[in-house]
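One structure is given below, represented as structure tokens, and several questions about it will come after.
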Amino acid sequence: MENIQSNFIRDKIITDMNESSDSYKIITRFPPEPNGYLHIGHAKAICLSFGLADEFGGQCHLRFDDTNPSKEEQEFVDSIKEDIQWLGWDWGSSLYYASDYFDQLYDFAIKLIQKNLAYVDDQSHETIRDQRGTLTEAGINSPFRDRSIEENEALFQKMKNGEFPDGSRVLRAKIDMTSGNINLRDPILYRIMRSTHHRTGNNWCIYPMYDFAHGQSDSIEGITHSLCTMEFEDHRPLYDWIIDALGIHHPQQIEFARLNLSHTVLSKRRLNRLVTEGYVTGWDDPRMPTLSGLRRRGYSSESIRNFCEIIGIAKRQNTVDFSLLEHCIREDLNVNAPRVMGIIDPIKVIIDNYPSPQIEYLDAVNNPMKPELGTRKLPFGKELYIERSDFEENPPSKYYRLYLGNEVRLRYAYFITCVGFDKDDTTGEITAVHCTYDPDTKGGNAPDDRKVKGTIHWVSAKESIDVNVRKYDRLFNVENPDFDDDFLSSLNPNSFIEIQNSKVEINLKDEKIGFKCQFERNGYFVIDKDTTSSRLVFNQIVALRDSWNKKINQ
RNA sequence: UGCCCGGUGGUGCAGCGGUAGCACAGGGGACUUUGAAUCCCCUGACCUAGGUUCGAGUCCUAGCCGGGCAGCCA
């Protein structure tokens, strides 16, 4: 799974390291706001920053950008840490919070005021917004812009001391109200907000804006390469302005395009709606592109890291096809998942000439990709279950499974020939298929070298267990629901289906939640957490590729 | 018609002035005790127009198209 391919950021880092006279360690960072769950798009950013630090012997910091207490919670801090660790990354002792820097940030603000580069504005929310101008018209200066340094310092101190009501005043940078870059039109640095912070409690009633916290937090931590998504590109001039004004360490910010995945949404707001409005069962619903959802679905962290590696890093807008993610998990599970007999939609097979009371045990390979994992015993008897789709009353051409008169191989067992079937006359449903077996083909080999085209899977009717199987499909029917205002209208109503009477081989009876395997000829499955002591529940992680199904659908 | 970024097969990513390549998807074949996996083959792309150059996907200019920015969100 080593597919390291370079990208413009990695190239830049290599250049920087080569050009640096003194050898320095690169320091990157992943700076989530603890206000939601991480998703596959975050994984891209995480793998980039942690991966680069790892590759070049540097360090990646995990820093929570917790500057807005009204939206942030400890629950999210915990889930974010869990997800990053699950992905296999280690921030070591470099766990930080922007809130750790509140004192320093306050001092920075004072310094800006003293350099006459920041001022307290008494105007209302609305007035400030109106004065900001528009995309095509310049803004106008606040009447409070030219207050004296002394007055600004005293006022800001009073803001901090809680002498003014929420929202009544803000601290603003004094830059340029006519700038084409709106971020430079005297951006707000601090606001008054009496909200209990998940870490600093009620110590503060003023909180720095993200734009005033982020760049300096990077600076304080000595970040060398600050990698973020494109929407912050316009903010870089502001960060540079503040850092230059303060005369502190200057990290280098480099932007890259965020990930879009086809047939799903990746915006926090929309993911949140899916959860709160009940379109999915929770943040870890197996259909969700969240890391907790993918984990429950059965995706391995290795497969997600590999995915993040092969999608690459660039600046252009992109939508990665979901099938690439599926390819990554298949690639992993193909070599690592033990094979098992599992019948999702069973139909009974009766072997008419099989000596009735007899049960015999046949050898089955655990994982053909890893022969060293050996074999197991499969109980075989007169009554079996096979997949309903493996029998056809009216077989299409090139169909080489079971139909009247045709011989197939039961994998690891015997050749059987279909001699008849039972049909419910009122419903038209096939209730059982009758076959004869050839005792000389035990194990699946014919002594006369006779060939059969089809090999199908099966379980003993008597010695198998009933399980539930949950199958998932893409959450949305359109490729880019995230680009659509009315994204809910394209929800796929068939994204989840549960089959209640599936059968799996008896050997699975004691397997635990999280166990992954391949149901031969079907797909990869994982035991879901909804499993009870009396009933196993399987999630289909991804189906096997199916060229037959593709063909008949043409 | 402010500022910023970007346009290479269906999708994603390379190509760093010298014959446009890789992966996924798609099509075909070989093999097969999983119609899987594996192997082989194929289809298919440089937004447009000028310019610089012996030579431009690459450099320059203009245009067109796509995206981002007007939270006391991050």
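No experiment lies behind these values; they were computed from the predicted model shown. Convention: sequence-line order gives letters A, B, ...; per-chain numbering from 1.
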Q. Whole Å only: how far is the CE atom of Met177(A) from the C1' atom of C3(B)?
A.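 Whole-Å distance recorded here is 15 Å.
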Q. Do the side-chain N and O atoms of Arg521(A) and His457(A) include a donor-acceptor pair separated by under 3.5 angstrom?
A.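 Side-chain D/A pair, Arg521(A) to His457(A): present.
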(Q) Over all strands shown, is Leu544(A) touching base, sugar-phosphate only, or nothing at heavy-atom distances under 4.0 angstrom? (A)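 Result for Leu544(A) = base.
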Q: Would you list the pairs meeting salt bridge (charged side-chain N to carboxylate O under 4.0 Å, His left out) in which at least one residue belongs to residues 312-329 of chain A, sequence neighbours left out?
A: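 Applying salt bridge (charged side-chain N to carboxylate O under 4.0 Å, His left out) to every pair that reaches into residues 312-329 of chain A, excluding sequence neighbours, yields Glu233(A)-Lys315(A), Glu326(A)-Arg474(A).
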Q: With sequence neighbours excluded, tell me which residues meet side-chain contact (heavy atoms from CB on, under 4.5 Å) with Glu126(A).
A: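 Glu126(A): side-chain contact (heavy atoms from CB on, under 4.5 Å) contacts with Ser124(A), Arg129(A).
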Q) For Lys453(A), which residues count as a salt bridge (charged side-chain N to carboxylate O under 4.0 Å, His left out) partner, sequence neighbours excluded? A)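 Listed in chain order: nothing, the list is empty.
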Only distances under 3.5 Å count here; give the side-chain donor-acceptor pairs of residues 256-264 of chain A to other protein atoms, sequence neighbours excluded, each with its distance to 0.1 Å.
unit_1    : atom_1 : unit_2    : atom_2 : d
Arg258(A) : NH1    : Glu231(A) : OE2    : 3.1
Asn260(A) : ND2    : Asn318(A) : O      : 2.9
Ser262(A) : OG     : Phe322(A) : N      : 2.9
His263(A) : ND1    : Phe476(A) : O      : 3.4
His263(A) : ND1    : Val478(A) : O      : 3.2

Q.
Which is more 5' along RNA chain B, the nucleotide nearest Glu233(A) or the one nearest Ala413(A)? Just name the residue.
A.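 The answer here is Glu233(A).
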Q.
Rounding to an integer number of Å, can you tell me how far Glu255(A) CD sits from C3(B) C1'?
A.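 Checked: the CD to C1' distance equals 14 Å.
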**Q.** Atom pair distance, as rounded to whole Å: CD in Glu309(A) and P in C13(B)
**A.**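 To the nearest whole Å, that distance equals 14 Å.
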Q: Tell me what Gln518(A) touches on the nucleic acid: a base, only sugar-phosphate, or nothing, going by heavy atoms under 4.0 Å.
A: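 Here Gln518(A) touches the bases of the nucleic acid.
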Q: Not counting sequence neighbours, which residues clear side-chain contact (heavy atoms from CB on, under 4.5 Å) with Pro396(A)? List them please.
A: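 side-chain contact (heavy atoms from CB on, under 4.5 Å) list for Pro396(A), sorted by chain: Glu392(A), Tyr399(A), Trp548(A).
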Q: Could you check if the base of G50(B) is syn or anti? Syn means the glycosidic torsion is within 90 degrees of 0.
A: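 G50(B): anti glycosidic orientation.
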(Q) Counting primed atoms plus P, OP1 and OP2 as sugar-phosphate and everything else as base, spell out the protein contacts along nucleotides 58-66 of chain B at 4.0 Å heavy-atom distance: B, S or - for each nucleotide, 5' to 3'. (A) ---------
(Q) When the P atoms of U34(B) and A45(B) are compared, how many Å lie between them, rounded to an integer? (A)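 The answer is 38 Å between these two P atoms.
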Q. For atom C1', what is the distance between A56(B) and C39(B), given to the nearest Å?
A.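 Looking at atom C1' only, A56(B) and C39(B) are 39 Å apart.
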(Q) Does Asn445(A) reach a base, just sugar-phosphate, or nothing at all? Heavy atoms under 4.0 Å. (A)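 Here Asn445(A) touches the bases of the nucleic acid.
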Q | N/O donor-acceptor pair under 3.5 Å between Ser168(A) side chain and Phe164(A) backbone | A |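 No: the side chain of Ser168(A) does not pair with the backbone of Phe164(A).
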Q.
Side chain of Asn318(A) only, heavy atoms from C-beta on: which candidate in A14(B), U34(B), G12(B) is closest?
A.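 Closest nucleotide among those given: G12(B).
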(Q) Taking the P atom in each of G12(B) and G68(B), what is the distance between them to the nearest angstrom? (A)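 Here G12(B) and G68(B) have their P atoms 16 Å from each other.
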Q: Indicate, with a heavy-atom threshold strictly under 4.0 Å, whether Thr136(A) touches base, sugar-phosphate, or nothing.
A: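 Base contact.
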Q. CD of Gln5(A) versus P of A14(B): gap in Å, rounded?
A.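 Going from Gln5(A) (CD) to A14(B) (P), I get 7 Å.
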Q. Parallel, tilted or perpendicular: which fits the ring planes of Phe525(A) and Phe538(A), with parallel below 30° and perpendicular above 60°?
A.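 Rings of Phe525(A) and Phe538(A): perpendicular, over 60°.
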Q. Under 4.0 angstrom, heavy atoms only, what part of the nucleic acid is Ile456(A) near: base, sugar-phosphate, or nothing?
A.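 Nothing, no nucleic acid heavy atom in range.
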Q.
OP1 or OP2 of U34(B) versus the side-chain N and O atoms of His457(A): is any pair under 4.0 Å?
A.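 It does not, given that no N or O in the side chain of His457(A) lies less than 4.0 Å from OP1 or OP2 of U34(B).
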Q. How does protein reach along nucleotides 69-74 of chain B, written 5' to 3' as B (base within reach of a heavy atom under 4.0 Å), S (only sugar-phosphate), or - (no contact)?
A. BBSBSB
Q. In terms of the nearest nucleotide of RNA chain B, which residue is placed more toward the 5' end: Asn334(A) or Ile311(A)?
A.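 Final value for this comparison: Ile311(A).
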Q) Of the candidate nucleotides G35(B), G26(B), G6(B), which contains the atom at the shortest distance from the side chain of Arg521(A)? A)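 The listed nucleotide nearest to Arg521(A)'s side chain is G35(B).
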Q: Verify the distance criterion only: is there a donor paired with an acceptor across the side chains of Lys268(A) and Asn35(A) at less than 3.5 Å?
A: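 Note: Lys268(A) and Asn35(A) side chains meet the donor-acceptor criterion.
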Q | With Phe232(A) via ring-ring contact (aromatic ring centres under 6.0 Å, His included) - residues at least two apart | A |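 Result, ring-ring contact (aromatic ring centres under 6.0 Å, His included) vs Phe232(A): Tyr210(A), His235(A).
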Q: Using a cut-off of strictly less than 4.0 Å, decide whether Arg545(A) has a side-chain nitrogen or oxygen near OP1 or OP2 of C24(B).
A: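 Indeed not, no polar side-chain atom of Arg545(A) lies that close.
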Q: With Arg199(A) as the cation and Tyr97(A) as the aromatic partner, state whether NZ or CZ is under 6.0 Å from the six-membered ring centre and within 45° of the axis.
A: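 Yes - Arg199(A) lies over the ring of Tyr97(A), closer than 6.0 Å to its centre and within 45° of its axis.
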Q. Taking atom P in both C41(B) and G21(B), what distance in whole Å separates the two?
A.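 Rounded to whole Å, the distance is 14 Å.
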(Q) Asp186(A): which residues meet the side-chain hydrogen bond (donor to acceptor under 3.5 Å, both in side chains) condition with it, sequence neighbours left out? (A)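 Asp186(A) satisfies side-chain hydrogen bond (donor to acceptor under 3.5 Å, both in side chains) with Tyr119(A), Arg145(A) once adjacent residues are dropped.
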(Q) Check the phosphate of A14(B) against Arg316(A), side-chain N and O only, distance under 4.0 Å to OP1 or OP2. Yes or no? (A)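 For A14(B), OP1 or OP2 has a side-chain N or O of Arg316(A) closer than 4.0 Å.
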Q. Whole-Å distance between U11(B) C1' and Phe307(A) CZ?
A.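 Result: 11 Å.
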Q. Parallel, tilted or perpendicular: which fits the ring planes of Phe76(A) and Tyr37(A), with parallel below 30° and perpendicular above 60°?
A.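 It falls in the perpendicular class, over 60°.
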Q) Base, sugar-phosphate, or nothing: which does Arg339(A) touch, judged by heavy atoms less than 4.0 Å apart? A)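 Touches a base.
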Q) Just checking, any donor-acceptor pair under 3.5 angstrom between side chains of Gln5(A) and Glu309(A)? A)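 No donor-acceptor contact under 3.5 Å links the two side chains.
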Q) In whole Å, what separates the P atom of C22(B) from that of C40(B)? A)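 Result for the P pair: 12 Å, nearest Å.
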Q) What interatomic distance, in whole Å, is found between C1' of G2(B) and the corresponding atom of G9(B)? A)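 Approximately 36 Å lies between the C1' atom of G9(B) and that of G2(B).
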(Q) What contact category does Glu520(A) fall into here, base, sugar-phosphate, or nothing, at under 4.0 angstrom with non-hydrogen atoms? (A)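 Answer is base: heavy atoms of Glu520(A) come under 4.0 Å of a base.
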Q) Which is true for Tyr399(A) with a 4.0 Å heavy-atom rule: it touches a base, it touches only sugar-phosphate, or it touches nothing? A)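 Result for Tyr399(A) = base.
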Between the protein and nucleotides 27-32 of chain B, which nitrogen or oxygen pairs are less than 3.5 angstrom apart?
unit_1 : atom_1 : unit_2    : atom_2 : d
G27(B) : OP1    : Gln554(A) : NE2    : 2.9

Q: Please measure how far the P atom in U52(B) lies from the corresponding atom in C60(B), and state the result in whole Å.
A: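 Here U52(B) and C60(B) have their P atoms 15 Å from each other.
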Q: Convert the base pairs of RNA chain B into dot-bracket notation, remembering that pairs crossing earlier ones are written with [ ] and that bases paired across to another strand are shown as |; include only Watson-Crick or G-U pairs under 3.5 Å.
A: .((((((..((((....[..)))).(((((.......)))))....(((((..]....))))))))))).....
Q: For Met230(A) and C3(B), give me the distance from atom CE to atom P, rounded to whole Å.
A: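 About 17 Å, once rounded to whole Å.
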Q: Measure the distance from CD on Glu479(A) to C1' on C24(B) and round it to the nearest whole Å.
A: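 Going from Glu479(A) (CD) to C24(B) (C1'), I get 13 Å.
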Q) So do Met209(A) and Pro187(A) actually touch side chain to side chain, heavy atoms under 4.5 Å? A)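 When only atoms from C-beta onward are counted, Met209(A) and Pro187(A) do not touch, as no gap falls below 4.5 Å.
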Q: Nearest whole angstrom, please: distance from the P of G68(B) to the CZ of Phe256(A).
A: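 Answer to the nearest Å: 17 Å.
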(Q) Any donor-acceptor pair under 3.5 Å linking the side-chain atoms of Ser142(A) with those of Arg172(A)? (A)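 No, no side-chain donor-acceptor pair sits under 3.5 Å.
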Q) Residues two or more places apart in sequence or in another chain: which of them pass side-chain contact (heavy atoms from CB on, under 4.5 Å) with Thr200(A)? A)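 Only Ser99(A), Phe102(A), His197(A), Asn203(A), Trp204(A), Tyr207(A) meet the side-chain contact (heavy atoms from CB on, under 4.5 Å) criterion with Thr200(A).
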Q: Take atom P in G55(B) and the same atom in G50(B), then report the distance between them in whole Å.
A: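 To the nearest whole Å, 15 Å.
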